[in-house]
Number of protein chains: 2
Amino acid sequence: MSPPRPRQSKFKDVADSLREKIRSGALAPGEQLPSTKHLALAHGVSEETIRLVVKELKDSGDVVAAWGKGVFVRRPRQLVTREPQFRYPWEKARARLSEKERATSGVSEYDTGRPRDHFDFPASYHQIEADAALAARFSTQQGTALLQRLYRTTVRDEDHPIALIKSYLLYEMASQNPELLDETREPWPGGTMHQLWTVGVEIDRIVDEVATRAPTPEEADALGLATHMAVFVLEKTSFSTQDTVVEYSEVVLPGDRTRLRYTVQLERWAEE
Amino acid sequence: MSPPRPRQSKFKDVADSLREKIRSGALAPGEQLPSTKHLALAHGVSEETIRLVVKELKDSGDVVAAWGKGVFVRRPRQLVTREPQFRYPWEKARARLSEKERATSGVSEYDTGRPRDHFDFPASYHQIEADAALAARFSTQQGTALLQRLYRTTVRDEDHPIALIKSYLLYEMASQNPELLDETREPWPGGTMHQLWTVGVEIDRIVDEVATRAPTPEEADALGLATHMAVFVLEKTSFSTQDTVVEYSEVVLPGDRTRLRYTVQLERWAEE
DNA sequence: GAGTGGTCTAGACCACTGT
DNA sequence: CAGTGGTCTAGACCACTCC
């Protein structure tokens with residue numbers, strides 16, 4: 001299973017050497033690597049071996065290849081810290097402000113500190129039937145009608161969104177306010193918290209479940225990730241004050257630029 | 001950058017076909033794949049191409065190769081859900097129990113539900129000097145003496161630990177109780193919360209910062225991960241009731257078997 | 001021994017970018 | 001056109017397993 005060779009493989013020698021140069025900054029971000037031919041000669045290996053090493057570096061996100069031009073060191077991206085314990089209460093407080101106040105900003109501005117007009121929020125709505133997993137989330141029957149809403153939070157001057165979101169509402173609940181079924185009303189000032197309020201729902205708590213995995217090819221493409229960079233999958237379940245699940249969403253976040261922060265406050269020990 | 005070919009590459013054809021068979025269960029966990037030769041003939045491609053596809057499946061964790069024997073579908077591992085908002089308060093409450101009570105169980109049992117004697121807790125202590133990053137965490141000077149403690153939480157009947165932990169204490173603080181400098185006293189009944197209590201420290205809150213990335217080769221090896229499976233990196237900062245940082249640890253968790261769950265409780269809206 | 005996976009290469013051929 | 005990366009193959013050679 002592990003490398004049976006006593007000595008390092010040539011492949012690994014070259015890969016480690018290049019990675020070292022990149023990590024140390026000897027090859028700076030944006031800089032072009034020597035061509036496949038040069039590298040092959042320099043390391044005394046075949047071009048095919050170089051090709052395989054470069055493929056690995058590409059897939060792991062260290063390097064970006066441009067067709068017919070060359071291979072370049074990837075530039076790191078700006079970090080976005082997502083802090084749900086501040087964000088969710090802030091959203092909830094905003095939901096009952098006037099439309100004018102709600103319109104001034106949204107959660108993406110909250111996360112990134114950029115003004116609202118730097119964002120696009122393409123949204124598309126679909127009526128679907130709950131599969132087993134979704135039905136379990138909502139404690140309902142398989143086949144129950146749900147409103148699926150797809151979003152991608154996009155910064156205008158960037159190439160890739162900072163999140164891919166699938167949000168689900170019970171169709172019956174959402175249809176109590178027909179405007180909630182209309183995707184052209186997005187972006188909705190005040191967001192989901194306000195939308196739910198229009199049908200009489202107040203959120204009591206939100207449960208975040210966080211997993212990590214490799215992106216699907218579609219996710220990697222959409223988020224600008226190499227195929228072997230990780231994503232967070234944040235499964236967010238919102239409970240109403242009646243203790244029922246009123247929204248469930250799956251948020252896919254690019255692992256190279258996202259951090260999550262949660263604070264656990266502890267009770268003081270009683271004096272002895 | 002993207003595949004320039006109009007048609008799918010043979011590589012991708014074969015990779016997708018095999019992945020499909022695995023994901024759908026047509027090739028069940030533990031089952032052996034046909035040999036390289038067979039696959040090459042069956043798909044009408046060269047053995048080398050098959051080799052590359054199998055390497056990819058191996059690296060992504062779909063498949064495990066056994067030297068001289070064959071290639072087998074990987075068996076999924078049992079999930080461990082880590083819920084800090086329950087775990088940390090539980091640890092804090094336990095820290096002031098009698099030694100006898102503390103000795104009965106620990107956090108790993110809490111996470112996994114397995115009895116204490118199923119675990120090993122190899123620990124090693126080292127005195128180190130804070131680098132820039134660590135100094136910033138503790139709001140202290142670079143070069144300050146720290147006690148670095150390395151743990152790996154291991155289940156006896158499993159091959160791999162469920163976490164790799166690097167924990168840091170201020171050396172000066174820890175040395176107030178010489179027993180805290182002695183790695184042979186691990187596992188310490190009541191854990192770090194009790195250890196800190198012996199030097200007069202009570203924890204007020206803990207901040208978890210979660211990132212995700214590919215494992216280092218060492219981490220992949222230790223945690224039994226394929227090279228392209230993701231890990232969580234949980235940076236855990238403990239603040240004392242005096243609002244100073246008293247412990248900082250980096251916990252590396254295997255992404256294929258770990259979930260994190262956090263609940264955000266919201267305040268009720270005031271009646272209108 | 002025969003069967004398995006693993007490393008590496010030479011070289012044919014394709015496709016895009018520049019000048 | 002020359003220079004770049006990208007796909008694929010045939011085949012030599014190595015190392016481990018099981019009989």
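Computed over heavy atoms, backbone and side chain alike; hydrogens, waters and symmetry mates excluded. A note on names: the letters A, B, ... follow the listed sequences, proteins ahead of strands, and every chain is numbered from 1.
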Between [N] and [X], is there an OP1 or OP2 to side-chain N/O distance shorter than 4.0 Å?
X: Lys58(A); N: dG6(D); answer: yes
X: Lys10(A); N: dT9(C); answer: yes
X: Thr36(A); N: dG5(D); answer: yes

Residue whose nearest DNA chain C nucleotide is more 5′ - Lys12(A) or Lys69(A): Lys12(A)
What pair of heavy atoms forms the shortest contact from Phe232(B) to Val210(A), and how long is it? CZ-O, 3.5 Å
For the pair Arg77(A) and Glu158(A), find out whether any cationic side-chain nitrogen is under 4.0 Å from an anionic carboxylate oxygen. no
Using a cut-off of strictly less than 4.0 Å between a heavy atom of the residue and any atom of DNA chain D, enumerate the qualifying residues of residues 45-53 of chain B by number. Val45(B), Ser46(B), Glu48(B), Thr49(B)
When rounded to whole Å, the CD to P distance for the pair Gln8(A) and dC8(C) reads 10 Å
Among dG5(C), dC18(D), dG5(D), the one nearest any side-chain atom of Val71(B) is dG5(C)
Comparing Gly68(B) and Ser35(A) on DNA chain D - which has the more 5′ nearest nucleotide: Ser35(A)
For residues 125-132 of chain A, please give each side-chain donor-acceptor pair under 3.5 Å, one per line with the distance, not counting sequence neighbours.
{"residue": "Tyr125(A)", "atom": "OH", "partner": "Glu186(A)", "partner atom": "OE2", "Å": "2.4"}
{"residue": "His126(A)", "atom": "NE2", "partner": "Ser124(A)", "partner atom": "OG", "Å": "3.1"}
{"residue": "Asp131(A)", "atom": "OD1", "partner": "Ala133(A)", "partner atom": "N", "Å": "3.1"}
{"residue": "Asp131(A)", "atom": "OD1", "partner": "Leu134(A)", "partner atom": "N", "Å": "2.8"}

Mind checking the CZ-CG spacing from Arg19(B) to Leu27(B)? Nearest 0.5 Å is all I need. 13.5 Å
